[in-house]
There are 2 protein chains.
Amino acid sequence: MSDTRKSFSRESEEKRTMDLIVATQMCIERGGVGEASIRRIADEAGVTPGLVRHYFPDKEALICAAYRQTMADMFKGARQGVDELPGNAIDKMRLFINTSLHPGVMNSRYHQLWASFTSLTRSTPSMAKIHHESYLEFRMGCQDLVELVFAEIGREVSAKALEQYGIMVNAILDGLWLEGCLAMELFDDGELAEIGLRSVQSVLDIEGLI
Amino acid sequence: MSDTRKSFSRESEEKRTMDLIVATQMCIERGGVGEASIRRIADEAGVTPGLVRHYFPDKEALICAAYRQTMADMFKGARQGVDELPGNAIDKMRLFINTSLHPGVMNSRYHQLWASFTSLTRSTPSMAKIHHESYLEFRMGCQDLVELVFAEIGREVSAKALEQYGIMVNAILDGLWLEGCLAMELFDDGELAEIGLRSVQSVLDIEGLI
DNA sequence: TTGCTTACTGTACGATCGTATAATAGTATC
DNA sequence: GATACTATTATACGATCGTACAGTAAGCAA
């Protein structure tokens with residue numbers, strides 16, 4: 001039909017794969033899963049639809065890859081600087097809470113991606129697996145920080161209690177993150193982070209977080 | 001094409017509308033927004049696709065109606081019995097937390113619906129409005145209960161502080177609800193409700209909730 | 001029973017979907 | 001510069017989508 005073919009340059013598998021994943025994120029970000037068709041993703045990535053199948057066996061595999069990437073991005077964003085921080089455990093916890101509840105992580109873009117992927121976990125087993133893994137990873141991140149804090153102040157708790165504290169902190173961060181993502185305009189800058197610090201301090205019955 | 005027409009009976013607008021809304025919920029519950037096509041919804045409701053347009057101007061209107069209905073269902077479920085409870089404010093708060101974090105409200109069905117609708121709020125203004133309204137309604141429900149509790153024990157707090165307590169309680173419930181919906185099998189019966197009670201008690205610095 | 005209203009069915013249309021595959025061209029090797 | 005490899009394009013196919021609309025029958029009023 002067309003008399004001129006699209007010119008192109010060959011790229012590495014890593015680049016093309018990542019381009020397609022990022023394009024998928026952008027499509028979903030724009031209008032949910034329904035907006036993320038193979039054609040639109042390819043267009044967003046600057047390639048033609050046929051190429052997608054060259055790198056991913058089917059659409060589901062691409063969506064899964066984008067899901068994994070999104071969760072990795074968010075997790076990395078939330079823990080930014082926490083592990084490198086030379087300070088004590090309380091400082092790490094404070095930074096973790098602050099970072100998780102600031103615009104770098106708590107924004108409508110991540111929320112849109114998160115909600116879209118989450119809505120697929122029930123019907124797609126491979127996505128349910130990703131969801132499960134990333135949930136546990138985040139919860140364990142919370143739990144490990146709690147453990148550090150308790151060790152620092154010399155408090156001893158059972159493994160079960162520690163787990164429940166992890167669940168609590170995770171819930172508070174998830175809940176505040178949700179509120180912030182969904183209604184950013186209702187809160188002042190740093191308000192949710194402050195509420196998060198106060199809540200976690202209360203729940204863990206510790207001091208020095210604020 | 002077919003030699004026999006589908007027999008039918010005329011029904012009231014209320015019934016047909018509700019049938020279509022429920023059918024929409026069931027389709028979304030089954031496999032996300034992608035599964036909720038007009039044809040499948042009509043089939044689920046026991047009517048033909050053409051009828052949908054007789055009651056709803058387009059698909060978006062039907063999805064919005066289903067969104068509203070779902071949020072109303074959840075809100076009603078969470079407040080079940082709370083307002084009728086003759087007891088004191090602490091009892092109301094306890095019941096509210098327990099009910100919100102038990103299977104009647106905290107289940108994968110509601111979560112699937114919630115996540116699916118939520119993923120549409122960014123690109124569809126009419127759904128963003130519904131989302132905003134239902135979020136504020138739930139948060140105010142939390143805040144009102146906090147106010148009742150504080151009044152009961154004679155604690156006086158500023159309006160701003162009260163609002164922040166409402167945000168905290170809402171976040172804790174949202175966060176735990178999410179955890180429970182997404183990984184029900186990781187928790188014992190009533191474990192999350194208990195964690196919720198302990199967290200709220202800590203955060204509000206009150207007694208008698210557990 | 002007849003006729004009227006309209007809830008409801010059935011079919012059609014153009015667009016878009018995911019996938020398959022043949023044809024092409026960029027690039028490295030010799 | 002010719003050759004081989006394969007990343008990439010282009011096109012096709014059948015299915016399904018949302019919507020439009022003409023035709024049909026259910027149920028009520030007279």
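Comparing D:dT9, D:dC17, D:dA25 against the side chain of B:Lys59 picks out D:dC17 as the nearest.
Across the protein-nucleic acid pair, A:Arg5 atom CZ and D:dA7 atom C1' stand 11 Å apart, rounded to whole Å. In this entry the distance linking CG of B:Asp58 with C1' of D:dC17 reads 14 Å, nearest Å. As a whole-Å value, the separation of B:Leu51 CG from C:dT9 P is 6 Å. At whole-Å resolution of the value, NE2 in A:His54 and C1' in C:dA22 are 15 Å apart. Note: CZ (A:Arg16) to P (D:dA7) measures 11 Å, nearest angstrom. Following rounding to the nearest Å, B:Glu11 (CD) and D:dG27 (C1') show an atom-to-atom distance of 12 Å. Rounded to whole Å, atom C1' of D:dG18 lies 9 Å from atom CZ of B:Arg53.
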Enumerate, atom names and distances included, each donor-acceptor pair closer than 3.5 Å involving a side-chain atom of residues 31-55 of chain B, sequence neighbours excluded.
unit_1: B:Ser37; atom_1: OG; unit_2: B:Arg40; atom_2: N; d: 3.2
unit_1: B:Arg40; atom_1: NE; unit_2: B:Glu35; atom_2: O; d: 3.1
unit_1: B:Glu44; atom_1: OE1; unit_2: B:Arg30; atom_2: NH2; d: 2.6

Side-chain donor-acceptor contacts of residues 179-190 of chain B below 3.5 Å, not counting sequence neighbours, with atom names and distances?
unit_1: B:Glu179; atom_1: OE1; unit_2: A:Tyr135; atom_2: OH; d: 2.5
unit_1: B:Glu179; atom_1: OE1; unit_2: A:Asn170; atom_2: ND2; d: 3.0
unit_1: B:Glu179; atom_1: OE2; unit_2: A:Ala171; atom_2: N; d: 3.3
unit_1: B:Glu185; atom_1: OE2; unit_2: A:His132; atom_2: NE2; d: 2.9

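No salt bridge links A:Arg79 with A:Glu137; every basic N to acidic carboxylate O contact stays at or beyond 4.0 Å.
Checked by atom type, the side-chain pair B:Ser126/B:Glu60 shows a donor-acceptor distance below 3.5 Å. Neither side chain, B:Gln164 nor A:Glu194, offers a donor N or O lying under 3.5 Å from an acceptor on the other. Side-chain N/O atoms of B:Ser119 and A:Gln112 include no donor and acceptor closer than 3.5 Å. No side-chain donor-acceptor contact under 3.5 Å links B:Ser199 and B:Gln201.
Side-chain contact between A:Met93 and A:Val146 is present, with heavy atoms from C-beta onward closer than 4.5 Å. Side-chain contact between B:Asp91 and B:Asn88 is present, with heavy atoms from C-beta onward closer than 4.5 Å.
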Every protein N/O lying under 3.5 Å from an N/O of nucleotides 26-30 of chain C:
unit_1: C:dG26; atom_1: N2; unit_2: A:Arg10; atom_2: NH1; d: 2.8
unit_1: C:dG26; atom_1: N2; unit_2: A:Arg10; atom_2: NH2; d: 2.6
unit_1: C:dG26; atom_1: N3; unit_2: A:Arg10; atom_2: NE; d: 3.2
unit_1: C:dG26; atom_1: N3; unit_2: A:Arg10; atom_2: NH2; d: 3.1
unit_1: C:dT27; atom_1: OP1; unit_2: A:Arg10; atom_2: N; d: 3.4

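When atom types are taken as modelled, the side chain of B:Arg122 and the backbone of A:Glu29 share a donor-acceptor pair closer than 3.5 angstrom.
If you check every strand for non-hydrogen atoms under 4.0 Å, A:Glu13 touches nothing. Heavy atoms of B:Phe56 sit nowhere under 4.0 angstrom from any nucleic acid atom.
Residues from residues 20-29 of chain B with heavy atoms under 4.0 angstrom of DNA chain C: there are none. Against DNA chain C, the stretch residues 35-47 of chain B makes heavy-atom approaches under 4.0 Å through B:Arg39, B:Val47.
Considering only side-chain N and O atoms, B:Tyr55 lies nowhere under 4.0 angstrom from the phosphate OP1 or OP2 of C:dA7.
By the side chain to side chain contact (heavy atoms under 4.5 Å, CB included) test, A:Ala72 pairs with no residue at all, sequence neighbours left out.
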